[in-house]
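Data block below; observations after.
Within every chain, numbering begins at 1; the chains are lettered A, B, ... in the order of the sequence lines, protein sequences first and strands thereafter.
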Amino acid sequence: MAGTAEAPSTNRVGLQKKDYAGSKSTLCIGCGHDLITARVIDACFDLSIKPEGLIKISGIGCSSKTPAYFVSRSFAFNSVHGRMPSVATGASLANRTLKIVGVSGDGDTANIGLGQFMHLMRRNLDMTYIVENNGVYGLTKGQFSATADKGSKLKHGAVNAQTPIDLCALAVELGCGFVARLFAGNTMMMRQVMQAALAYKGTALLDIISPCVTFNNHEGSTKSFPYMKTNEMALQDIGFVPAYDPQYEDMKPGEERVVQLGDGSKISIKALDQSHDPTNRGAAVKLLSEYRESGKIPTGIIYLNEGAPRFAETLGMVDKPLSSLTAAELRPPKSALDEIMNSLA
Amino acid sequence: MTTTEAPAEVGTIVNDLVLHVATANGSGSQTSNMVLLRSLFQMGIPISGKNLFPSNIQGLPTWFTIRANKDGWTARKQDADIIVCMNPETALEDVAAAKPGAALIYEDSLPLADKRPDCIHYAVPFKKLINECCPDARLRKLVINMLYVGVCAQLFDIDMKEIQKALNTQLAGKQKAIDLNLPALEYGRKWAQDNLTKRDPWRVERMHANDGKIIIEGNAATALGLMFGGVSVVTWYPITPSSSLCEYLEDYLNQYRKTPDGKRTFAVVQAEDEIAAVGMLAGAGWAGARCFTSTSGPGISLMNEIIGLGYFAEIPFVICNVARTGPSTGLPTRTMQGDVLSLLYASHGDTKHIVVIPNSPKEAFEMGGQALDLAEEFQTPVFILSDLDLGMNFWMSPRFDYPTEPFHRGKVLTKEDLDKLGGKWGRYQDVDGDGVPYRTVPGTDHPNAAYFTRGTGHTPQATYSEKPEHWKGNMDRLAKKFATAKTRVPKPEIVNNRHAAGLVFFGTTTEAIREACAELDAKHGLKLDLCRLRAFPFTQEVEDFLHSHERVYVVELNRDGQMRMALNAELPHFAGKLRSVLHYDGMPLDAATVVEQVVALEKNK
């Protein structure tokens, strides 16, 4: 929808795009992370997410700084290195109604935080987990991270000899129901998938190749803008349609796959040159394995399967936030203590 | 071995015994031992039960020590009066360690008859008896321990009705097990009646010291304190000796904290490690839940980074350290007060933490709730310093009082508060001059509610800053907040009769110190004043106590005198007065150790 100059468009909760703004980014000019930040702002606005109901959690690193750059009206927690998953888990336990965006990087997730990442994937916490993946440590000036491809080169020429960790493959393996690999330079796809991830009920992992223009954008890097522009292999043409959209009722599977998400919205997934079926876990594993050492980077929705119980459901928690329970709900009556004391006498 | 004391006559020592049972881990002896402990308790005699177990699941030696004492002395005592040797592996050692005159009860096929002629021997054909009274060969291993309960009942006059009642309590609802064990119990007793001549001096008789009392482990007590204190998020990683705390807590919560439709008003999560457990607390406390984890020393070491985050970003959560013997993996199933410094000053940079220190199940219950209050009032991590002795041993306790205080949730701004303030507030601003700022909780429906939480330098408005004045100002405010906490933490328990020497102690050494002081007074003419620390920061009363004594002995279960170091650091003016009384072999403190060291120190005063 095109708005007019004098009347900026407002979304369904009466907010304008500027209401989703954050502080000015302090990252390097041209950083892939800023492109992701912009898409998070778009998605929150487009989905009419109330900023007061959203929380932003991160670890440590360049990526983990970005929650300061979007939706300042939302609570944010820039925690410690590699521990964003546990902090997000705790916040969600305290208040299961909060929408959570977790932002991490490849070092924060695949190196120091790999354990917490894997356990989060097992739990199906209701959150969107964004990995801003550039293969290097930025804040400490350009060391390899665990997602750096074998044979890729650092700026000063050092070659990575170790096998990379594929976060998408791990996520699929561990039961995550929404796994996407994206490229920060592919605005169209990111915009659609970001909305779908936020609409999804459960853990949505977005592993976004987000080039570091200062330390990993040179010849020999496999996570640079030039490399990704040449080697990205878009798997799908993806469209996100919220339930209130006029097109919604007309969406029928044809040559494209239509999947309904937990909040009622739908996504259409039209396979491009690869006929990847993202609802098939075996196919997802096979795809990632096939392209692992090909140099090509398939992007799109790798795996999508909604319906697994979410963590709060597994735990049998009450619907309202634990943080909102009253003293009467939290302290059992005197008769309970009497009963216990009698049993111990 | 010689003894100067004449042996006491048969049956003349009443309600004063230490019974030491040696068995193999995993042999089901816990039920037998608990039946003995309970029946003595039911007879109205003050008791304690201490389990000395290996870091192992099955097969290694384990000992259970029951002390019954009419005067209420229930601390550990070094020497047992009666030793039941059910473990052939350790029988020789157990018997060799017996004090002269001790009563030894053992399987008659063990080569012990010619050992220790200075002891009283009761050889019992346990294997033969179990074959006779338990027809099912597969069950004999589990039931054999009931025989010694019967033998003890006969020898020491333990009321069989109380034993039966204790068995029913211990095996509540398991009628098959009761039907299996009861005949063995009676068979053992009958055999002893027909075949043993009593030659030892110990016996028990009914008294009435236990009216209104319960038997409980400290971990269960802490768990109850937390439940009635309104805990809603519990995370944990299994580690001895803390695991049973969260297991008890989950059981209690499942029983008493479900809505009528069966949903839980709590979450219990077994995390992947201690770092994740405390990370979840950082998230949960930040988002407004009363939250808790329990661990032991190694877990505290792992949690250090996030503890510092909690201190600096000002997030409430509670950690109970059920301490074990360290450093390193140490002795996982032995006790120690060895984590004093690692709690008080946990994490890098300038940090200090509120620590509450219970000495009994009743205090563990009370401090469980208090810790949740203190955490939210001061928006900071709060520790409960317990230990294996309190957490996993069996204590007689007064019944717990139902808490009547409302929860203290601290300075939380609601949507309505923010409306009144016109949305103007600063997360780290010292509005009230007590160093404690106001906070909002995620989800608060006001456009100015949100703030940015970080472990990096920040302004009173919670924005990022590297400016020296912001950093120092914030650190000074945190120090002021800590000073305010001094007025709110549990005060020490003090007995001050203006003697020249004082004794400072804390936690589970209490029982041994009570007993030691009585002996120091009665046998050595030494009178000491007492100050039992119950919290960090040290309150004014602690300072006054140190001030009003010429010399002060600080008793603690570690090698380096950690609490003395902390007193020296916090109250340096009195450093010259403090001397350490230390015990650090992994065992709970006993009175004799205190008496011996204090007498020696007083000689050289």
Side-chain angles (χ1 to χ4, degrees), chain A residues 19 23 50-53 55 57 60 67-68 72-95 97-98 115-116 118-119 123 311-312 315-319 321-325 327 329-334 336-341 343-345, chain B residues 213-216 224 227-233 235 252 256-257 259 262-269 271-273 275-291 305-306 309 399-400 402-403 406-407 441-447 449-456 464:
Chain A
D19 296 315
S23 317
K50 262 195 97 171
E52 288 74 24
I55 60 172
I57 318 255
I60 292 291
S72 287
R73 269 173 65 173
S74 295
F75 277 80
F77 195 155
N78 180 195
S79 67
V80 294
H81 203 16
R83 315 303 173 202
M84 179 276 277
S86 64
V87 176
T89 303
S92 178
L93 295 173
N95 186 343
T97 67
L98 295 169
Q116 292 211 347
M118 294 186 32
H119 286 277
R123 294 191 178 111
F311 198 37
L315 293 172
M317 285 159 62
V318 289
D319 296 333
L322 296 181
S323 61
S324 72
L325 297 178
E329 290 166 298
L330 291 171
R331 177 178 280 165
K334 181 167 183 301
L337 185 63
D338 290 342
E339 183 176 282
I340 296 164
M341 290 296 106
S343 76
L344 297 165
Chain B
K213 301 264 171 71
I214 57 168
I215 299 180
I216 191 167
L224 286 171
M227 177 170 74
F228 286 94
V231 73
S232 63
V233 173
T235 65
Y252 286 132
Y256 295 105
R257 280 272 298 278
T259 57
K263 289 199 172 165
R264 297 183 170 117
T265 60
F266 61 89
V268 179
V269 177
E272 56 269 34
D273 57 30
I275 299 173
V278 75
M280 289 176 198
L281 295 193
W286 175 74
R290 278 161 94 84
C291 57
E305 186 182 17
I306 289 173
L309 171 73
R399 291 167 78 101
F400 306 157
Y402 188 70
F407 298 141
V441 165
T444 305
D445 192 12
H446 188 287
Y451 65 97
F452 199 98
T453 305
R454 45 164 64 85
T456 45
Y464 181 73

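- Chain B forms more heavy-atom pairs under 4.5 Å with one residue of A:M317, A:M341, A:K50 than with any other, namely A:M341.
- Within the 4.5 angstrom heavy-atom criterion, only side-chain atoms of A:I57, from C-beta onward, approach chain B.
- For a residue to count as touching a neighbouring chain, one of its non-hydrogen atoms must lie under 4.5 Å from one of that chain's; by this rule A:A327 touches chain B with backbone and side chain alike.
- Note that CG of A:L93 and CG of B:L281 are 9.5 Å apart. Values are rounded to the nearest 0.5 Å.
- Contact of A:L315 with chain B is made through backbone and side chain together, with heavy-atom distances under 4.5 Å.
- If you take OG on A:S86 and CE on B:M280, they are separated by 6.0 Å, rounding to the nearest 0.5 Å.
- Atom OH of B:Y252 sits about 9.0 Å away from atom CZ of B:F228, to the nearest 0.5 Å.
- With a 4.5 Å cut-off on non-hydrogen atoms, A:A68 touches chain B through its backbone and its side chain both.
- In this structure, the side chain of B:T235 engages the main chain of B:A277 through a donor-acceptor pair within 3.5 Å.
- For A:R73, the parts sitting under 4.5 Å from any heavy atom of chain B are the backbone and the side chain alike.
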#### Entry: Chi angles and distances behind the side chain to side chain contact (heavy atoms under 4.5 Å, CB included) call for B:V231, B:F266
CA-CA 7 Å; B:V231 73; B:F266 61 89; over 6 Å; no
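- Only the side chain of A:L98 has a heavy atom closer than 4.5 Å to any heavy atom of chain B.
- Heavy-atom distances place no part of A:S92 under 4.5 Å from chain B, backbone and side chain included.
- B:D445 contributes atom CG, which lies 5.5 Å from atom CD of A:E52 (distance to the nearest 0.5 angstrom).
- By number of non-hydrogen pairs under 4.5 angstrom with chain B, the leading residue of A:T89, A:V80, A:I60 is A:V80.
- B:Y451 is linked by a ring-ring contact (aromatic ring centres under 6.0 Å, His included) to A:F75, B:W425, counting only residues two or more places apart in sequence or in another chain.
- In terms of heavy-atom pairs under 4.5 Å with chain B, the best-connected choice from A:A88, A:G82, A:A94 is A:A94.
- Using a 4.5 Å heavy-atom cutoff, the side chains of B:L309 and B:W286 are not in contact.
- Among B:A449, B:P442, B:G229, B:G285, the residue with the largest count of heavy-atom pairs under 4.5 Å with chain A is B:P442.
- No other option in A:N95, A:L325, A:I55, A:I340 has as many heavy-atom pairs under 4.5 Å with chain B as A:I340.
- Both the backbone and the side chain of A:Q116 come within contact range of chain B, with heavy atoms under 4.5 Å apart.
- Annotation: salt bridge (charged side-chain N to carboxylate O under 4.0 Å, His left out) contacts of B:R264 (sequence neighbours excluded): none.
- For B:V278, no part lies near chain A; criterion is any non-hydrogen pair under 4.5 Å.
- For the atom pair B:F407 CZ and A:R331 CZ, the distance stands at 4.0 Å (nearest 0.5 Å).
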### Task
Could you walk me through whether B:T456 and B:Y464 pass side chain to side chain contact (heavy atoms under 4.5 Å, CB included), step by step?
CA-CA 7 Å; B:T456 45; B:Y464 181 73; 3.6 Å; yes
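- When the candidates B:R454, B:K213, B:R257, B:M227 are compared by the number of heavy-atom contacts under 4.5 Å with chain A, B:R257 comes out ahead.
- Note: B:A284 leads B:A284, B:G455, B:G288 in heavy-atom pairs under 4.5 Å with chain A.
- Taking CD from B:E305 and CZ from A:R83, the interatomic distance works out to 6.5 Å, rounded to the nearest 0.5 Å.
- When the candidates B:L224, B:D273, B:I214 are compared by the number of heavy-atom contacts under 4.5 Å with chain A, B:I214 comes out ahead.
- For a residue to count as touching a neighbouring chain, one of its non-hydrogen atoms must lie under 4.5 Å from one of that chain's; by this rule A:P67 touches chain B with backbone and side chain alike.
- Contacts between B:T259 and chain A at a heavy-atom distance below 4.5 Å involve the side chain alone, from C-beta outward.
- In this structure, chain B has heavy atoms under 4.5 Å from both the backbone and the side chain of A:P332.
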